[in-house]
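The analysis underlying the following values was restricted to heavy atoms, covering all of them including side chains, and did not include hydrogens, waters or symmetry mates.
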Amino acid sequence: MSHITVEGLSKTFFVSERSSGVLGSIRGLVQRQTREVQALKGVSFSLKRGELVGYIGPNGAGKSTTIKILSGILVPSSGTCVIDGRTPWKDRIHHVGRIGVVFGQRSQLWWDLPVIESFDLLRDIYRVPPAEYRQTCDEMIALLNLESLLSTPVRQLSLGQRMRCDFAAAMLHRPDILFLDEPTIGLDAVSKLAVRKFIKKLNQTHQVTTILTTHDMDDIEALCDRVIIIGDGRILCDGSLATLRSQMSSRRHLRIDLKADEFCFAADGVSLLSQEGRTVTLAFDPIKLSAASLISQITAHYDVADLFVENPPIEEIVAELYANVEELKVKN
């Protein structure tokens, strides 16, 4: 049974426009011009309870609009959205009590209050029973190693520390669904790993259905078994990362560590991506030339210390997909 079901979701905004300069301002007061913007164009997908899904796309693709509708903030122009039997914008009070939200650029904590006081205020806002609150709060403090931060005002926390506290705050009322918007943006490598570990553990332990929007493809590869890609208000791809790779490109990369600096190789379907000292990276099409044949040809002419075949980075695949979207927009 689906936990989240979205069918034919569309959203149209009307944006005011005016010409520049004084005359443009005066003309705008008399006759305001508007432009129609279709943010979503028939978006449909469903999520099972406990899924952790990456929801990605270029800027302006419709990610934030989708999340705002799922959160009950916006009302769609058409289409339906049912989350655990609720329509978010019709049953908003009950709905927001069952979801958690973490924004990388915004905090739900009070800037001048110690962290623990923010937690206590959120307990009152969500009307969490004292025993349940104490249990959940202690669990989050242990999982995120927050003990030393509880008495510190939020404004004095580093970005990584604040993000950990925001994750705890989002889970105090034990939501069934978690919306994560760029949760690792601006974090250092150590903090990113800690946040990813927490998200994964939370999803596996508590079966919290999680939708992750991010531009960091490392987050997607580390956390998500499924990815939904949106572009120009439409769903472009919905499936596993392996499915995405197979749909977009058959290319593979061959990285070679040579025993000598000299390297010059040419074959149909093979191109040189980079050469740094004795490390060479080739791109090849396995349909035209198999990996075994390519390796055999190279080792017949060069002394090789090591080599391995890999898929192109997911960033390249997604960038190619985004580029296709931009081409369609220009044609239309």
Set out, in order, the CA-CA distance, both residues' side-chain angles and the distance that settles side-chain contact (heavy atoms from CB on, under 4.5 Å) for L121 and L113, then state yes or no.
CA-CA 10 Å; L121 283 170; L113 294 182; 3.6 Å; yes
Applying salt bridge (charged side-chain N to carboxylate O under 4.0 Å, His left out) to R255 and D306, what does each step give before you reach the verdict?
CA-CA 8 Å; R255 183 168 296 177; D306 194 11; over 6 Å; no
Could you give me the CA-CA distance, side-chain angles and deciding distance for F265 and I256, then say whether side-chain contact (heavy atoms from CB on, under 4.5 Å) is met?
CA-CA 12 Å; F265 180 84; I256 311 161; over 6 Å; no
side-chain contact (heavy atoms from CB on, under 4.5 Å) between D166 and F103, worked out
CA-CA 9 Å; D166 267 313; F103 292 103; over 6 Å; no
Is there a side-chain contact (heavy atoms from CB on, under 4.5 Å) between K11 and T66 once you walk through the steps?
CA-CA 9 Å; K11 180 62 178 178; T66 305; over 6 Å; no
Please test K192 against D218 for salt bridge (charged side-chain N to carboxylate O under 4.0 Å, His left out), starting from the C-alpha separation and ending with a verdict.
CA-CA 10 Å; K192 280 188 177 185; D218 290 336; over 6 Å; no
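The distance from atom OG of S191 to atom CZ of R196, rounded to the nearest 0.5 Å, is 11.0 Å. In this structure, CD1 on I4 lies 6.0 Å from OG1 on T209, to the nearest 0.5 angstrom. Atom OG1 of residue T281 and atom CG of residue L307 lie 11.5 Å apart, to the nearest 0.5 angstrom. The OH atom of Y55 lies 3.0 Å from the CD1 atom of I230; values are rounded to the nearest 0.5 Å. Put simply, CD on E51 and OG1 on T210 are 10.0 Å apart, with the number rounded to the nearest 0.5 Å. Here CG of L223 is found 9.0 Å from CG of N203. Values are rounded to the nearest 0.5 Å.
L157 is connected to L159 through a chain of hydrophobic side-chain contacts under 4.5 Å among Ile, Leu, Val, Met, Phe, Trp and Tyr, so both are in one cluster. At a threshold of 4.5 Å between side-chain heavy atoms, the hydrophobic network of Ile, Leu, Val, Met, Phe, Trp and Tyr places F284 and F263 in one connected group. Note on L273: it does not cluster hydrophobically with L254, by side-chain heavy-atom contacts below 4.5 Å among ILVMFWY residues. The cluster map of Ile, Leu, Val, Met, Phe, Trp and Tyr, joined by side-chain heavy atoms under 4.5 Å apart, puts L146 and L193 in different clusters. Criterion: ILVMFWY side-chain heavy atoms under 4.5 Å apart, direct or through other members. Under it, L40 and W89 are part of a common hydrophobic cluster.
Counting only heavy atoms from C-beta outward, the side chains of L202 and F167 never approach each other to under 4.5 Å. Inter-residue side-chain proximity for Q297 and L289 is flagged as met; some heavy-atom pair is nearer than 4.5 Å. Within the 4.5 Å cutoff, the side chain of L52 has no heavy atoms near those of the Q204 side chain. Within the 4.5 Å cutoff, no side-chain heavy atoms of K63 are placed close to those of I67. When side chains are defined from C-beta on, V154 does not count as touching C165, because their heavy atoms never get closer than 4.5 Å. The closest side-chain heavy-atom distance from V280 to Y302 is not below 4.5 Å. The closest side-chain heavy-atom distance from R226 to L47 is below 4.5 Å. Between T136 and V128 the shortest side-chain heavy-atom distance does not fall below 4.5 Å.
A donor-acceptor pair is defined here as one N or O able to donate and one able to accept, closer than 3.5 Å; no such pair exists between the side chain of H215 and the backbone of I185. No donor-acceptor pair closer than 3.5 Å links the side chain of E117 to the backbone N or O of P114. S107 places a side-chain N or O within 3.5 Å of a backbone atom of L109 that can act as its donor or acceptor partner.
Of all the heavy atoms in D219 and T214, the pair that sits closest is OD2-OG1, 3.6 Å. Here the closest non-hydrogen pair linking H94 and R86 is ND1-CD, 3.6 Å. Minimum heavy-atom separation, S10 to G42: OG-N, 3.0 Å. Contact record, C137 with I116: SG-CD1, 4.4 Å, taken as the closest heavy-atom pair. Summarising the geometry of V208 relative to P175, their closest heavy-atom pair is CG2-O, 3.9 Å, with the distance given to 0.1 Å. Considering every non-hydrogen atom in both G160 and L187, the closest pair reads CA-CD2, 3.6 Å.
Listed by first and then second residue, the side chain to side chain donor-acceptor pair (under 3.5 Å) pairs involving residues 143-155 are D112-R155 (not counting sequence neighbours).
With 3.5 Å as the limit, one finds a donor-acceptor pair spanning the side chains of H206 and E139.
Relative orientation of the H173 and Y126 rings is parallel, given thresholds of 30° and 60° on the angle between their planes.
Annotation for K197: atom NZ does not count as buried by contact number, only 12 or fewer foreign heavy atoms lying within 6.0 Å. The 12-atom threshold is not exceeded at NZ of K68, counting heavy atoms of other residues, nucleotides or ligands nearer than 6.0 Å.
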